[in-house]
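Chain A is the first sequence line, chain B the second, and so forth, proteins listed ahead of strands; every chain is numbered from 1.
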Number of protein chains: 2
Amino acid sequence: MSSELPDKKRISESTIHRLSMYFRTLSLLQKEGYETVSSKELAKREKLTPAQVRKDLSFFGSFGTRGLGYDVVELKAKIGEILGIDRHWKVAVIGIGNIGSALVSYKEFSRQGFHIEKLFDNDQRKIGSNHKGIVVSDIKNLEKEIAEDGIEMVIITVPATVAQYMVDDVVRAGVKAILNFAPINLKVPSHVYLRNENMSMELEYLSFAIVNNHTPKNMK
Amino acid sequence: MSSELPDKKRISESTIHRLSMYFRTLSLLQKEGYETVSSKELAKREKLTPAQVRKDLSFFGSFGTRGLGYDVVELKAKIGEILGIDRHWKVAVIGIGNIGSALVSYKEFSRQGFHIEKLFDNDQRKIGSNHKGIVVSDIKNLEKEIAEDGIEMVIITVPATVAQYMVDDVVRAGVKAILNFAPINLKVPSHVYLRNENMSMELEYLSFAIVNNHTPKNMK
DNA sequence: TTATTCATGTGAAATGCTTCACAAGAAATT
DNA sequence: AATTTCTTGTGAAGCATTTCACATGAATAA
């Protein structure tokens, strides 16, 4: 169960996030009919330096051609592979409230290989109802159904007060990663990956910027 | 129109994001009945080092008492002031689709001082309809109504293909900051702040972590 | 009152990330 | 075929962030 990376350099969070950005932009470049793209062009679109783009890629190999740049289709495939989005991820959403049900229809997820295949809620009025072809299950069966269906990732959009219970359940069911929208710091065992999505954080950054007349180098 | 910070140190994005985290945790500590909190306790809850917490705060002043820690209520107020969330921000949401309408009911926003007061869409079936007491306006009147109502921040949840037009309109109307959910790199003049919210990015990070057996220092 | 404990605030050191600058290699041009 | 142009890949330098370590000062206990 060792790393897939031949040389175990520690890749920074920023690098991974930029790979996501490159992937998205490469899809666009492909649509626009580009066959190749230089680090300069890619950097311009992301408001980065060309060196940054090349360095990010260099952690994983050499994908370009000197004097020419990168083959758009090839680089996109390669980054998809690195990010692990070149396959079908089985995802469940727990908590079919406002945000939860919005995520069911969020196209970007399926576009990147994340397929929502299970929905859970504790509200009797919601259980059994149909969202985009998926029937909402009773949260009582959470652990059992997650395990049976081999769900690998879970998105949590329940109130903060109950989020930890959901986590404990899905961890027992064997999920590998959790994306948490609830405003609370959750505990997971070390073999499970956890990320928090906090949408007000970005608004708070904007608020700070306005109030302090902030001029960051990198208003990404 | 100069900065509010007496000494114009450049504050990093990470520091601002951590202040948001501290703010939220301080609210919780307050509910739990804590009167004071140490950098050690705060760090433990955020999975950071105590030195990190103290250094973050030190950029803005000295708010603690040696031997005792920080007064919870006082520190929360101070951070709120730094972030500029100690006031009422007028926000509009443009694009009342799945995500847009979910955000209208998102409690964390109002809890941090962000009040959604205007909704816009181009769909005749949505225009005039009521969401949480707010009537959806026709996007044709975007610039005029934003300016008249003195909206300062805008959240964009329209399709990528039309997002730039919305931006151009609201920039003319005088908004100061934009939070963009559309999967596209938008252009804004330098006096307008822009942040992008990309929800699949975090799933992609999780995907990368699983596939590469990644062990980052800081799985925040 | 004095001693002890505790926890802040902060220069300095350590670590991490980004940018520079250039050798090397591929394509295009003459 | 030789030359020029272009752009990658990458050590090294530069810059930024985090952590260390300790002097300082407040509160508590003796």
Side-chain angles (χ1 to χ4, degrees), chain A residues 6-19 21-22 26 29 34-72 74-75 78-79 82 205 214-220, chain B residues 6-19 21-22 26 29 34-72 74-75 78-79 82 205 214-220:
Chain A
D7 47 351
K8 317 245 309 180
K9 285 187 209 72
R10 252 330 200 329
I11 307 298
S12 78
E13 179 173 322
S14 322
T15 291
I16 305 308
H17 279 163
R18 283 190 299 266
L19 288 182
M21 290 165 35
Y22 303 154
L26 286 164
L29 285 164
Y34 284 75
E35 300 226 320
T36 61
V37 65
S38 64
S39 59
K40 192 175 167 192
E41 171 68 16
L42 214 39
K44 194 181 132 210
R45 298 203 176 212
E46 313 289 2
K47 295 205 194 104
L48 301 168
T49 64
Q52 178 78 82
V53 172
R54 296 200 300 275
K55 181 64 89 180
D56 283 337
L57 298 174
S58 78
F59 295 130
F60 303 96
S62 321
F63 311 123
T65 306
R66 288 172 145 109
L68 186 63
Y70 303 90
D71 181 282
V72 170
E74 194 183 307
L75 183 60
K78 198 68 204 172
I79 292 178
I82 293 165
Y205 192 102
H214 192 52
T215 43
K217 265 211 321 279
N218 170 31
M219 253 330 252
K220 74 144 188 242
Chain B
D7 47 351
K8 317 244 311 179
K9 286 188 208 72
R10 250 336 196 325
I11 307 298
S12 77
E13 179 172 322
S14 322
T15 292
I16 305 307
H17 279 163
R18 283 191 300 265
L19 289 183
M21 290 165 34
Y22 303 153
L26 286 163
L29 286 165
Y34 284 76
E35 300 225 321
T36 60
V37 66
S38 65
S39 60
K40 193 174 165 193
E41 170 68 16
L42 214 38
K44 194 182 131 209
R45 299 203 175 213
E46 312 289 0
K47 295 206 195 103
L48 301 169
T49 64
Q52 178 79 82
V53 173
R54 296 199 300 275
K55 181 65 88 180
D56 283 337
L57 297 175
S58 79
F59 295 131
F60 303 97
S62 322
F63 312 122
T65 306
R66 288 173 145 108
L68 185 64
Y70 304 90
D71 181 282
V72 171
E74 193 183 306
L75 183 60
K78 198 68 204 174
I79 293 178
I82 293 165
Y205 192 102
H214 191 54
T215 44
K217 265 210 324 278
N218 169 31
M219 255 324 256
K220 73 144 188 244

#### Entry: Euclidean distance, atom CD of residue A/Glu13 to atom C1' of C/dG16 [Å, nearest integer]
13 Å

### Query
Below 4.5 Å, heavy atoms only, C-beta onward: do A/Tyr70 and A/Leu57 meet side chain to side chain?
yes

### Task
Starting at NE2 of A/His214, measure out to CD of B/Glu13 and round the result to the nearest 0.5 Å.
8.5 Å

### Message
Is the phosphate of D/dT18 approached by B/Arg18 (side-chain N or O, under 4.0 Å from OP1 or OP2)?
### Response
yes

### Task
Write down the distance between CG (A/Asp56) and C1' (D/dT10), rounded to a whole number of angstrom.
14 Å

### Query
Got a second to check how far A/Thr49's OG1 is from A/Lys55's NZ, nearest 0.5 Å?
11.0 Å

### Task
Quantify the bending of the helix from C/dT1-D/dA30 to C/dT30-D/dA1 as the angle between its end axes, each fitted on five pairs, to 10°.
0°

### Message
Mind checking if B/Ser39 touches a base, just sugar-phosphate, or nothing, with heavy atoms under 4.0 Å?
### Response
sugar-phosphate

### Task
Compare the minimum distances between each of D/dA21, D/dT8, D/dA12 and the side chain of A/Lys55, then state the nucleotide with the smallest one.
D/dA12

### Query
Within this structure, what is the CD-to-P distance between A/Glu41 and D/dC6, rounded to whole angstrom?
16 Å

### Task
Measure from the side-chain heavy atoms of A/Ser62 and tell me the nearest of D/dG9, C/dT10, C/dT8.
D/dG9

### Query
Could you give the distance from CD1 (A/Ile16) to CD1 (A/Ile82), rounded to the nearest 0.5 Å?
8.5 Å

### Message
Applying a 4.0 Å non-hydrogen cut-off, can you work out what B/Lys40 is touching in the nucleic acid: base, sugar-phosphate, or nothing?
### Response
nothing

### Message
If I take atom CZ in residue A/Phe63 and atom C1' in nucleotide D/dG9, what distance separates them, rounded to the nearest angstrom?
### Response
12 Å

### Out of C/dT10, C/dC20, D/dT18, whichever nucleotide has its closest atom nearest the side chain of A/Ala51
C/dC20

### Query
Just to confirm, is there a sub-4.0 Å distance from OP1 or OP2 of D/dG9 to any side-chain nitrogen or oxygen of A/Tyr70?
yes

### Listed nucleotide nearest any side-chain atom of A/Gln52, set C/dT8, C/dT19, C/dC22
C/dT19

### Query
When the distance from CG of A/Leu57 to C1' of C/dC17 is rounded to whole Å, what number comes out?
16 Å

### Task
Provide the closest heavy-atom pair for B/Met21 versus B/Glu46 in the form atom of the first, atom of the second, distance.
O-OE2, 3.2 Å

Would you list the protein and nucleotides 24-26 of chain C atom pairs, both N or O, that sit under 3.5 Å from each other?
residue: C/dA24; atom: N3; partner: A/Arg66; partner atom: NE; Å: 3.0
residue: C/dG25; atom: N2; partner: A/Gly67; partner atom: N; Å: 3.3
residue: C/dA26; atom: O4'; partner: A/Arg66; partner atom: O; Å: 3.4

### Message
When you compare the side chain of A/Tyr22 with that of A/Val37, does any pair of heavy atoms fall below 4.5 Å?
### Response
no

### Query
Does a side-chain heavy-atom distance below 4.5 Å link A/Asp56 with A/Val53?
no

### Query
Does any non-hydrogen side-chain atom of B/Ile79 lie less than 4.5 Å from one of B/Phe63?
no

### Message
Need to verify one output field. Residue with the more 5' nearest nucleotide on DNA chain C, A/Thr49 or B/Pro50?
### Response
B/Pro50

### Task
Return the value, rounded to whole Å, for the distance between atom CG of A/Asp71 and atom C1' of C/dA27.
15 Å

### Query
Should B/Glu41 and B/Arg45 count as an ion pair when the cut-off is N to O under 4.0 Å?
yes

### Task
Starting from P on D/dG9, measure out to NZ on A/Lys78 and report it in whole angstrom.
13 Å

### Message
Quick one, A/Leu19 with A/Phe60, criterion side chain to side chain contact (heavy atoms under 4.5 Å, CB included). Give me CA distance, side-chain angles, the key distance, then yes/no.
### Response
CA-CA 11 Å; A/Leu19 288 182; A/Phe60 303 96; 3.7 Å; yes

### Message
So, does B/Arg54 get its side chain near the phosphate of C/dT8, meaning an N or O under 4.0 Å from OP1 or OP2?
### Response
yes

### Query
What integer distance in Å separates B/His17:NE2 from D/dA16:P?
19 Å

